[in-house]
2 protein chains.
Amino acid sequence: MDVKTLCLGALSLGDATGYDIKKLFDEAFSHFFAAGYGSIYPALEKLTAEGKVSYDRQQQEKRPDKKVFSLTPAGREELIHDLEATPPREKVRSEFLVLMFFAHLLPPQRLAEVLQEFLDENNKNLKMLEDLEKGDCPPGIKFTIRYGLATTRAAVECIEQSRDALLREVYSTQFAQ
Amino acid sequence: MDVKTLCLGALSLGDATGYDIKKLFDEAFSHFFAAGYGSIYPALEKLTAEGKVSYDRQQQEKRPDKKVFSLTPAGREELIHDLEATPPREKVRSEFLVLMFFAHLLPPQRLAEVLQEFLDENNKNLKMLEDLEKGDCPPGIKFTIRYGLATTRAAVECIEQSRDALLREVYSTQFAQ
DNA sequence: ACAATATATATCTAATTGATATATATCATA
DNA sequence: TATGATATATATCAATTAGATATATATTGT
């Protein structure tokens, strides 16, 4: 699965500009699939060349001109085919856990800062997801929100429970390197 | 933070070949930072050119020859500097949650399969992490294991609680597209 | 005897990231 | 009123990465 498939999925929700699709990646998709302009615009170009999407160029008076993309029937078929063919994997790249893994190489104050920054960021994510949960939306989308809430709450609880012991034990001579 | 930093980190644990480092990525680092040969060997080459690591070529009788890499003092400084400078972010790419988000476009049997496959994979990860937790290791590493256990258990519980309702509600006419 | 797996070195292509560029606005602040 | 920040839009680019593939030496399991 790649950014092209997610762009097709975005357009299955309604016509959109590249800029709109980026906003979907930054909001609705943000807790499970990130993408930037560097992959969105090339994906839209390729999908257009392949006949999976089409666009209508619209002039605006007080804003730059825009391209409004639409899914074609071929694009909808491609989306469904890609979704059916995708194995349900999850890939994580956590700089936070890398820092914990090598915690003994960080000064104590920085380690404490890192834990606090990560907690703060997760608490922000929780608020964002809690707000999303209040809204009315399809069951599959609701599921992704609840999943995000469950795993983020578990992360926060784990950190809150462990951080004091971690800060004490990391520098004990038994393990210091 | 990139694969070079993780290679430096791997070598801070002890001298290793490229093949050994790949095994670390597949095992100890696997739940928070994946990397393949396509980035490991080029990273080692660059670090060697920069004087951050050095290697000893060893002939073997019944195996191909190997390069055993070591961290240099400059490499150790670079590692510590990189760790201190890294903000504690987490990036997730979850094809599973993409499939849930667009669940209404999947046939019911495939949706049920996807949920089961993902559950099975997570239960495997739990066993692997539970085995790791039994071992003796530094507090920072122990923390990464417990964090992985907490978030994976939360994911499994969320899916077990929600899957039946999800399978029922996804195709109800209120939301069907 | 053969297939699978382990131990080793890599390379390569396509995709992605994150920064950057350009251009038109509105909004907030001093 | 001027300036900086932000929003709305289109993109591109260099460095990095993923995942497949290649080559070569073994051992292990069926």
Side-chain angles (χ1 to χ4, degrees), chain A residues 1-8 15-27 29-30 32-50 53 55-69 82 86-87 89-95 98, chain B residues 1-8 10 15-27 29-30 32-50 53 55-69 82 85-87 89-95 98:
Chain A
M1 173 176 284
D2 58 14
V3 170
K4 284 163 67 189
T5 307
L6 264 290
C7 287
L8 292 175
D15 295 354
T17 63
Y19 184 81
D20 290 330
I21 292 173
K22 169 74 159 111
K23 280 198 288 182
L24 267 174
F25 275 104
D26 288 348
E27 295 159 5
F29 300 164
S30 68
F32 56 82
F33 204 109
Y37 293 121
S39 33
I40 292 169
Y41 283 106
L44 289 172
E45 183 152 350
K46 248 185 173 184
L47 290 167
T48 305
E50 290 166 6
V53 308
Y55 66 85
D56 180 38
R57 186 186 291 269
Q58 290 179 7
Q59 265 182 323
Q60 301 195 111
E61 280 196 28
K62 298 183 168 210
R63 295 267 191 264
D65 295 352
K66 62 182 183 184
K67 290 171 164 171
V68 182
F69 289 88
D82 285 354
T86 295
R89 284 188 304 243
E90 222 173 58
K91 288 177 208 142
V92 173
R93 177 162 289 197
S94 176
E95 289 163 346
V98 172
Chain B
M1 173 176 281
D2 58 12
V3 170
K4 283 162 67 189
T5 306
L6 264 289
C7 288
L8 292 175
D15 294 354
T17 63
Y19 182 81
D20 291 330
I21 293 173
K22 170 72 161 112
K23 280 198 289 184
L24 268 176
F25 275 104
D26 290 348
E27 294 158 9
F29 301 163
S30 67
F32 55 82
F33 204 108
Y37 294 119
S39 31
I40 293 170
Y41 283 103
L44 289 171
E45 182 151 353
K46 246 185 175 186
L47 290 166
T48 304
E50 292 168 4
V53 307
Y55 67 86
D56 180 38
R57 186 186 290 271
Q58 291 178 8
Q59 263 182 322
Q60 300 194 112
E61 279 197 30
K62 297 184 166 207
R63 293 264 192 271
D65 294 352
K66 63 182 184 183
K67 289 172 165 171
V68 181
F69 290 88
D82 285 353
T86 296
R89 285 188 302 242
E90 223 173 55
K91 287 179 211 141
V92 174
R93 178 162 290 195
S94 174
E95 289 161 347
V98 172

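Every chain is numbered from 1 and lettered A, B, ... according to where its sequence line falls, protein lines coming before strand lines.
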K.L.:
In the structure I gave you, are the side-chain heavy atoms of B:Ile21 and B:Leu44 within less than 4.5 Å of one another anywhere?
P.N.:
yes

K.L.:
Please determine whether a side-chain nitrogen or oxygen atom of B:Lys91 lies at a distance below 4.0 Å from atom OP1 or OP2 of C:dG18.
P.N.:
yes

K.L.:
Does the side chain of B:Lys67 get closer than 4.0 angstrom to OP1 or OP2 of C:dA10 through an N or O atom?
P.N.:
yes

K.L.:
Once you apply a heavy-atom cut-off of 4.0 Å, does B:Arg93 come out as touching a base, just sugar-phosphate, or nothing?
P.N.:
sugar-phosphate

K.L.:
Are any of A:Ser39's side-chain N or O atoms less than 4.0 Å away from OP1 or OP2 of C:dA15?
P.N.:
no

K.L.:
For A:Thr17 and A:Lys66, which heavy atoms make the closest approach, and how far apart are they?
P.N.:
CG2-CD, 3.8 Å

K.L.:
Mind checking A:Lys4 for me? I need base, sugar-phosphate or nothing, with any heavy atom below 4.0 Å counting as a touch.
P.N.:
nothing

K.L.:
Tell me whether the count of non-hydrogen atoms from other residues, nucleotides or ligands lying under 6.0 Å of CD in B:Gln60 goes above 12.
P.N.:
yes

K.L.:
Find out whether A:Phe33 and A:Val3 are in side-chain contact, i.e. whether some heavy atom of one side chain is under 4.5 Å from a heavy atom of the other.
P.N.:
yes

K.L.:
For A:Arg63 and for B:Ala34, locate the closest nucleotide of DNA chain D by heavy-atom distance; then report the residue assigned to the nucleotide nearer the 5' terminus.
P.N.:
A:Arg63

K.L.:
Between C:dA14 atom P and A:Glu50 atom CD, what is the distance in whole Å?
P.N.:
14 Å

K.L.:
Find which nucleotide of DNA chain D each of B:Gly36 and A:Lys66 is nearest to by heavy atoms, and output the residue with the more 5' nucleotide.
P.N.:
A:Lys66

K.L.:
For residues A:Ser94 and B:Glu90, report the shortest heavy-atom separation together with the two atoms involved.
P.N.:
OG-OE2, 3.0 Å

K.L.:
Report for the helix from C:dA1-D:dT30 to C:dA30-D:dT1: angle between first-end and last-end helix axes, five pairs each, rounded to 10 degrees.
P.N.:
40°

K.L.:
Taking all non-hydrogen atoms of both residues into account, name the closest pair between A:Glu95 and B:Thr86 and its distance.
P.N.:
CB-CG2, 3.8 Å

K.L.:
Nearest-Å distance, CD (A:Glu45) to C1' (C:dT16)?
P.N.:
16 Å

K.L.:
Nearest-nucleotide wise, let me know which of B:Arg89 and A:Lys46 is further upstream toward the 5' end of DNA chain C.
P.N.:
A:Lys46

K.L.:
Give one of base, sugar-phosphate or nothing for B:Lys22, where a contact means two heavy atoms less than 4.0 Å apart.
P.N.:
nothing

K.L.:
Just how far, in rounded Å, is P of C:dT11 from OH of B:Tyr41?
P.N.:
10 Å

K.L.:
How long is the line joining CE of A:Met1 and P of C:dA15, in whole Å?
P.N.:
15 Å

K.L.:
Within this structure, what is the CG-to-C1' distance between A:Leu44 and C:dA15, rounded to whole angstrom?
P.N.:
15 Å

K.L.:
With a strict under 4.0 Å distance from non-hydrogen atoms of chain A, what nucleotide opens and what nucleotide closes the contacted stretch of DNA chain D, reading 5' to 3'?
P.N.:
D:dA7 to D:dG19

K.L.:
Could you walk me through whether A:Tyr37 and A:Tyr41 pass ring pair (Phe, Tyr, Trp, His ring centres under 6.0 Å), step by step?
P.N.:
CA-CA 6 Å; A:Tyr37 293 121; A:Tyr41 283 106; 5.8 Å; yes

K.L.:
Taking atom CD of A:Gln58 and atom CZ of A:Arg63, what is their separation to the nearest 0.5 Å?
P.N.:
14.5 Å

K.L.:
What's the verdict on side chain to side chain contact (heavy atoms under 4.5 Å, CB included) for B:Phe69 and B:Asp20, showing C-alpha distance, side-chain angles and the deciding distance?
P.N.:
CA-CA 10 Å; B:Phe69 290 88; B:Asp20 291 330; over 6 Å; no

K.L.:
In terms of the nearest nucleotide of DNA chain C, which residue is placed more toward the 5' end: A:Glu61 or A:Phe33?
P.N.:
A:Phe33

K.L.:
Evaluate the criterion side chain to side chain contact (heavy atoms under 4.5 Å, CB included) for residue pair A:Val98 and A:Arg93; output intermediate values, then yes/no.
P.N.:
CA-CA 9 Å; A:Val98 172; A:Arg93 177 162 289 197; over 6 Å; no

